[in-house]
There are 2 protein chains.
Amino acid sequence: MLQIERRQMIIQYLEEHSSATVEELSTKLKVTPMTIRRDFQYLEDNNIATRTFGGAVLNSKLITEIPYENKSLINIDKKKRIAEQAASLVQNGQIVILDAGTTNMEIAKFLTKKQNLIVVTTDLKIAIYLSSSTDFEILCTGGSVQNTTSSFLGSHAVEFLKNINADISFIGSSSVDVEHGITTPSPSKADIKKQMIKCSNKRILVADSSKFQKIGFIKVCNLNEFHKIITDDDLDKNTIKEIRNNNIKLILV
Amino acid sequence: MLQIERRQMIIQYLEEHSSATVEELSTKLKVTPMTIRRDFQYLEDNNIATRTFGGAVLNSKLITEIPYENKSLINIDKKKRIAEQAASLVQNGQIVILDAGTTNMEIAKFLTKKQNLIVVTTDLKIAIYLSSSTDFEILCTGGSVQNTTSSFLGSHAVEFLKNINADISFIGSSSVDVEHGITTPSPSKADIKKQMIKCSNKRILVADSSKFQKIGFIKVCNLNEFHKIITDDDLDKNTIKEIRNNNIKLILV
DNA sequence: TCATAAATGTTCGATTATGTTCAATTATGT
DNA sequence: ACATAATTGAACATAATCGAACATTTATGA
């Protein structure tokens with residue numbers, strides 16, 4: 001196994017288990033503990049994980065900001081199913097707001113089958129993808145580019161969105177909780193999402209089940225702000241019940 | 001087997017297996033490991049794969065999904081030489097404006113060696129590239145995305161640029177003429193370039209020799225607006241003489 | 001606080017991968 | 001056809017990775 005692959009597997013393992021010991025990884029990956037320690041050191045130097053005596057945890061336990069490349073492969077099947085369901089809510093000719101993130105990228109792929117859409121997004125990769133594979137009008141907010149996710153942040157992006165009136169918006173979130181609503185790791189991300197919600201007629205939350213029961217730093221809004229929540233059927237039964245008790249339309253795919 | 005075929009097979013192999021060792025490819029393709037290493041180097045230089053000790057992995061799936069324009073391969077060597085010269089004019093810590101286009105993308109690649117730059121661009125691919133490979137502050141104008149070039153156009157982009165004061169700007173052009181100056185096929189592109197020129201202290205025209213003696217639809221400005229013109233040494237001798245007669249600094253690479 | 005077991009870091013060496021250089025061969029251009 | 005350039009392979013020097021042994025540090029409970 002190549003070094004880079006081993007390190008990717010460690011990241012993936014940390015994603016799934018949120019922490020790992022040197023011992024278990026050295027057994028699993030069939031290398032000496034010393035090698036795992038050096039890998040942990042590398043991950044720490046690159047701000048991916050934080051070492052601790054005996055093991056390591058991913059940076060920020062609740063909400064991880066993994067670079068796009070690694071992130072995009074996690075739960076990709078679930079994301080595709082969610083995306084297909086989400087895209088089916090869009091009518092030809094509508095104005096659609098797409099939040100940044102991999103789930104919304106998957107939605108974008110399904111939207112290529114529609115006609116005459118106007119798509120507004122803060123995600124540069126979504127903008128490039130749609131502009132090269134459709135003849136939709138693509139609007140991008142502009143502003144400062146966040147380097148981990150290649151999306152726009154900042155007051156400029158918020159101002160841009162204030163001039164938009166959209167038919168439907170798809171909002172992603174890394175942390176969803178029945179009680180605390182949706183939350184983000186940074187105020188600027190929250191500002192963007194808030195404005196997206198404000199300027200669209202219909203609001204859909206798209207998040208795979210792994211994002212639930214997590215709480216981030218800054219609150220965006222409560223779950224009842226959304227007309228629909230689309231997630232996958234691995235969602236915890238209690239959470240399903242709680243959401244439906246609150247009279248929120250929940251779609252499981 | 002041709003070199004290009006071999007490299008395509010390597011890419012295909014990487015797409016199927018997501019990683020490959022030097023060893024296995026050299027056996028499979030019946031060339032020495034040295035050749036595979038050189039191929040890997042080429043793939044890395046072109047942002048297709050990432051080398052690691054013993055092998056290589058493919059870069060983010062998404063990037064390769066973006067259609068690779070033929071345009072970017074035309075005169076690529078000349079563009080690289082022009083870009084290297086252009087990048088050498090940038091000091092650490094400066095505010096740099098990069099116009100859209102493949103020559104400016106090459107400049108962006110050389111700029112990764114600098115420190116603490118603030119880069120303003122209308123080109124989404126440049127923005128993604130720089131944001132993922134540097135820790136510069138990247139500002140993007142936003143607005144409507146032109147689908148052929150994945151760059152921003154429109155009044156919104158011009159307004160954004162009005163708030164910028166840059167140290168240096170690199171302007172590309174598909175048509176340069178001593179008498180008519182630089183011209184573009186559309187008014188909106190011309191507006192962007194005009195504003196870029198207006199809000200930067202030092203203005204550099206970058207265009208390979210094939211762009212000269214051509215006249216487009218809408219005039220942007222005269223050649224004497226630029227502090228320097230960087231092009232390649234295939235430029236027609238008469239044109240060289242004419243430009244220098246007009247007292248414009250011309251750099252041939 | 002101190003003892004102790006466990007984890008960690010350091011150093012070294014073996015192994016393996018890499019880059020450099022040069023020569024031979026094959027394309028390419030004039 | 002000839003000169004020139006590009007590609008590839010071969011040989012060697014260099015560099016990187018990983019594991020092992022041992023000294024050091026840390027966590028924790030008595």
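Lettering of chains follows the sequences in order, A, B, ..., and the numbering in each one begins at 1.
Checked against side chain to side chain donor-acceptor pair (under 3.5 Å), A:Thr27 has no partners two or more places apart in sequence or in another chain. By the ring pair (Phe, Tyr, Trp, His ring centres under 6.0 Å) test, B:Phe226 is found to be paired with no residue, residues two or more places apart in sequence or in another chain being considered.
For the helix from C:dT1-D:dA30 to C:dT30-D:dA1, the terminal axes (five pairs an end, C1' atoms, rotation from four pairs onto the next four) enclose an angle of 50°, given to 10 degrees.
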Which atoms of nucleotides 19-23 of chain C (N or O only) lie under 3.5 Å from a protein N or O atom, and what are those distances?
residue	atom	partner	partner atom	Å
C:dG19	OP1	B:Arg51	NH1	3.4
C:dG19	OP2	B:Arg51	NH1	3.2
C:dG19	OP2	B:Arg51	NH2	3.1

Enumerate the protein-to-nucleotides 25-30 of chain D contacts in which both atoms are nitrogen or oxygen and the separation is below 3.5 Å.
none

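Counting non-hydrogen atoms under 4.0 angstrom, A:Thr21 reaches nothing in the nucleic acid. Nucleic acid contact class of B:Ser26 (heavy atoms, under 4.0 Å, all strands): none.
A distance-only check finds no donor-acceptor pair linking the side chain of B:Asp208 to the backbone of B:Lys79 [under 3.5 Å]. Although no hydrogens or angles enter the test, the distance criterion places no donor-acceptor pair under 3.5 Å between the side chain of B:His227 and the main chain of B:Ile204. Side chain of A:Thr134 to main chain of A:Ser131: no donor-acceptor pair is present (N/O by atom type, distance under 3.5 Å, no hydrogens or angles). Side-chain N or O atoms of B:Thr121 include none that pairs as donor or acceptor with a backbone N or O of B:Ala127 at under 3.5 Å.
Mapping A:Gly54 and B:Gly54 onto DNA chain C by nearest heavy atom places A:Gly54 closer to the 5' end of the strand. Summary of the strand contacts: B:Pro33 and A:Asp39 both lie near DNA chain D, and taking for each the nucleotide with the nearest heavy atom, the more 5' one is attributed to B:Pro33.
As rounded to whole Å, 11 Å separates atom P of D:dG9 from atom CG of B:Leu29. Counting to the nearest Å, the P atom of D:dT8 and the CD1 atom of B:Ile4 are 12 Å from each other. Rounded to an integer number of Å, the gap from A:Ile36 CD1 to C:dA6 C1' is 18 Å. What separates NZ of B:Lys30 from C1' of D:dT8 is a distance of 17 Å, to the nearest Å. Look at CG on A:Leu2: it is 10 Å from P on C:dA17, rounded to the nearest Å. Taking atom CD1 of residue A:Ile10 and atom C1' of nucleotide D:dC18, one finds them 14 Å apart after rounding to whole Å.
Closest heavy-atom contact between B:Val176 and B:Ala207: CG2-CB, 4.2 Å. The two atoms that bring B:Thr183 and B:Lys219 nearest to each other are CG2-CA, 3.7 Å, heavy atoms only.
One finds a side-chain N or O of B:Gln3 lying less than 4.0 angstrom from the OP1 or OP2 phosphate oxygen of D:dT8.
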Exercise for review: Check the pair B:Leu29 / B:Ile36 against side-chain contact (heavy atoms from CB on, under 4.5 Å), numbers first and verdict last.
Suggested key: CA-CA 9 Å; B:Leu29 300 174; B:Ile36 300 295; 4.1 Å; yes

Point to revise | Candidate pair B:Glu106 and B:Lys109, rule salt bridge (charged side-chain N to carboxylate O under 4.0 Å, His left out), full reasoning | key: CA-CA 5 Å; B:Glu106 295 303 318; B:Lys109 288 179 186 169; 3.4 Å; yes

Can you give me every donor-acceptor pair (side chain of residues 87-99 of chain B, partner residue at least two apart or in another chain, under 3.5 Å) with its distance?
residue	atom	partner	partner atom	Å
B:Ser88	OG	B:Gln85	O	2.6
B:Asn92	OD1	B:Gln115	N	2.9
B:Gln94	OE1	B:Gln91	N	3.0
B:Asp99	OD2	B:Gly172	N	3.1
B:Asp99	OD2	B:Lys193	NZ	2.6

